[in-house]
Protein chains: 2
Amino acid sequence: MRISQLSADAGIPVATVKYYLREGLLHDGHRTSATQAIYDETHLARLRLIRALLGPGGVSIAQARTVLGALDDPPPAIDLLGRAHSALMTPLDPALDVSEVHSLAEEWGWPVDSCDPAVLGDVARALQGLRDAGFELAPGALDAYVRAARDMAQAEIDGIPTDSPDAAVRYVVLGTVLVEPLVLALRRLAEQVAAGERFGDGALRG
Amino acid sequence: MRISQLSADAGIPVATVKYYLREGLLHDGHRTSATQAIYDETHLARLRLIRALLGPGGVSIAQARTVLGALDDPPPAIDLLGRAHSALMTPLDPALDVSEVHSLAEEWGWPVDSCDPAVLGDVARALQGLRDAGFELAPGALDAYVRAARDMAQAEIDGIPTDSPDAAVRYVVLGTVLVEPLVLALRRLAEQVAAGERFGDGALRG
DNA sequence: GCAATTGGAGAGTATCACTCTCCATAATTG
DNA sequence: CAATTATGGAGAGTGATACTCTCCAATTGC
């Protein structure tokens with residue numbers, strides 16, 4: 001198919017498809033002449049993926065380029081998580097004190113030594129954000145988040161497809177990005193349910 | 001103190017402080033004359049809160065205005081969660097099919113009837129995003145997210161301060177926004193830890 | 001008295017994700 | 001085969017967002 005057909009099938013304006021081509025998010029079509037190319041199902045699937053990343057996934061064009069790059073040429077070792085994560089994390093600020101996270105991790109029994117330092121930085125930054133806002137977590141809340149994170153991660157790692165490396169790559173990379181909105185939405189829903197049970201029906205409705 | 005002092009203490013440019021004043025995020029100082037005003041600790045605390053919301057919290061100026069508004073005049077009933085949540089959620093799209101979420105919630109034993117429909121919409125949108133991207137959750141993964149969400153919410157609701165209504169408002173509203181980056185960062189960290197345990201040390205380093 | 005600061009408002013800037021405009025070339029239609 | 005339409009490509013323009021700058025008259029501090 002040609003670009004206008006691709007655009008119509010994907011429900012994305014031609015100009016936007018051209019833009020994704022220029023930005024390197026979408027691979028070129030097969031050239032039939034100096035100024036024409038044809039596109040196929042792989043382009044359609046890729047466009048859907050791009051929109052899922054940019055929309056619900058909430059990632060930027062640059063981040064999407066890195067994430068999609070990890071899908072296109074899988075990293076040499078099992079560096080999948082690292083690649084996907086590093087595309088999404090703010091680069092580590094040297095001024096950030098990560099020692100607090102190290103000692104917390106020790107409490108939790110998490111061996112974080114082989115982890116990407118930037119992830120530790122993200123945790124530290126999140127904790128610092130709470131403090132900056134003058135917000136104190138309820139006792140037990142942090143433990144609940146830690147348990148929840150461990151449970152989610154365990155299920156995810158257990159669920160990595162073992163049949164093909166490509167499927168594993170895809171699962172890990174996309175799972176990192178696309179599941180985040182789901183987790184946040186479920187937490188909000190659970191909060192409302194728990195609040196309703198705690199304070200009685202109608203508490204949320206006024 | 002005057003605006004330059006406030007700016008220096010908060011580490012925020014004067015122009016930006018003025019901008020927050022204009023946008024209604026920061027309350028006016030106490031006027032000493034037609035063209036002068038003084039600021040105090042409440043302004044400093046508020047500025048720190050604003051930066052925590054706009055930075056780590058990742059909310060927009062408009063969303064911050066709603067969230068801060070919920071702090072300033074607490075809603076009549078215990079509509080706290082609703083107010084905080086509705087500031088952060090995309091408005092409900094009528095075209096979105098929420099019935100799937102209803103039946104899922106029934107499976108989970110979540111009484112979602114009294115919940116804000118927009119939250120259900122967010123869950124539906126997140127699930128749709130996964131499907132659009134051609135991504136299939138591993139069996140058991142969704143259950144893990146649901147359990148995790150319930151655990152987190154339970155700890156949060158249990159932890160709501162009961163001593164003063166103001167403290168409760170503050171806890172609920174800020175907890176909704178500011179804890180999100182923490183939850184996501186912990187999940188990523190737990191993923192790396194779990195991947196390391198599963199695939200052996202060094203698996204993440206290449 | 002007089003330079004420096006202030007509050008206030010409008011305009012300017014940077015970034016981002018598109019979206020539009022051209023244009024030479026190609027394909028399609030009559 | 002001529003006229004119309006579509007295509008790939010690149011640069012410029014757009015709208016939203018979060019600042020940031022520039023003025024200005026009124027105040028302040030020395």
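Proteins come first, then strands; the chains are lettered A, B, ... in the order of their sequence lines, and each starts at number 1. Every heavy atom of this structure was used, including side-chain atoms; hydrogens, water molecules and symmetry mates were not.
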State which of D:dT20, C:dC20, C:dC18 makes the closest approach to the side chain of B:Thr16. D:dT20

Whole Å only: how far is the OH atom of B:Tyr20 from the P atom of C:dG8? 18 Å

Atom CD1 of A:Ile12 and atom P of C:dA17 are separated, to the nearest Å, by 15 Å

Considering only NZ, NE, NH1 and NH2 on the basic side and carboxylate oxygens on the acidic side, decide whether B:Asp151 and A:Arg147 come within less than 4.0 Å. no

Got a sec: does the NE2 of A:His30 have more than 12 other heavy atoms crowding it under 6.0 Å? no

Looking only at the side chains, is there a donor atom on one of B:Arg51 and B:Tyr20 sitting less than 3.5 Å from an acceptor on the other? yes

Could you tell me the separation between the CD1 atom of B:Ile50 and the P atom of D:dA18, rounded to a whole number of Å? 13 Å

Could you check whether A:Arg188 pairs with B:Glu180 (Lys NZ or Arg NE/NH1/NH2 to Asp/Glu carboxylate O, under 4.0 Å)? yes

Per A:Ile61 side chain, nearest of listed nucleotides D:dC19, C:dT5, C:dC18: C:dC18

Please state how far atom CG in B:Leu53 lies from atom P in D:dA18, giving the value in whole angstrom units. 12 Å

Among side-chain atoms of A:Gln128 and A:Arg131, is any donor-acceptor pair under 3.5 angstrom? yes

When you measure from every atom of DNA chain C, which of residues 22-48 of chain A have a heavy atom less than 4.0 Å away? A:Arg22, A:Thr35, A:Gln36

By nearest-heavy-atom nucleotide on DNA chain C, the more 5' of A:Lys18 and B:Ile3 is B:Ile3

Separation of atom CG in B:Leu6 from atom P in C:dT6, rounded to whole Å: 11 Å

In whole angstroms, how far is the P atom of D:dT27 from the CZ atom of B:Arg2? 14 Å

Are side-chain N/O atoms of A:Asp40 and A:Thr42 paired as donor and acceptor at under 3.5 Å? yes

Could you tell me the separation between the CG atom of B:Leu21 and the P atom of D:dA18, rounded to a whole number of Å? 17 Å

Flag the pair B:Cys115 / A:Val193 as yes when at least one side-chain heavy-atom distance between them is below 4.5 Å, and no otherwise. yes

Report the nucleotide, chosen from C:dT28, C:dC18, D:dT28, that has the shortest atom-to-atom distance to any side-chain atom of A:Tyr19. C:dC18

When all nucleic acid strands are considered with a 4.0 Å heavy-atom cut-off, which category describes A:Leu54: base, sugar-phosphate, or nothing? sugar-phosphate

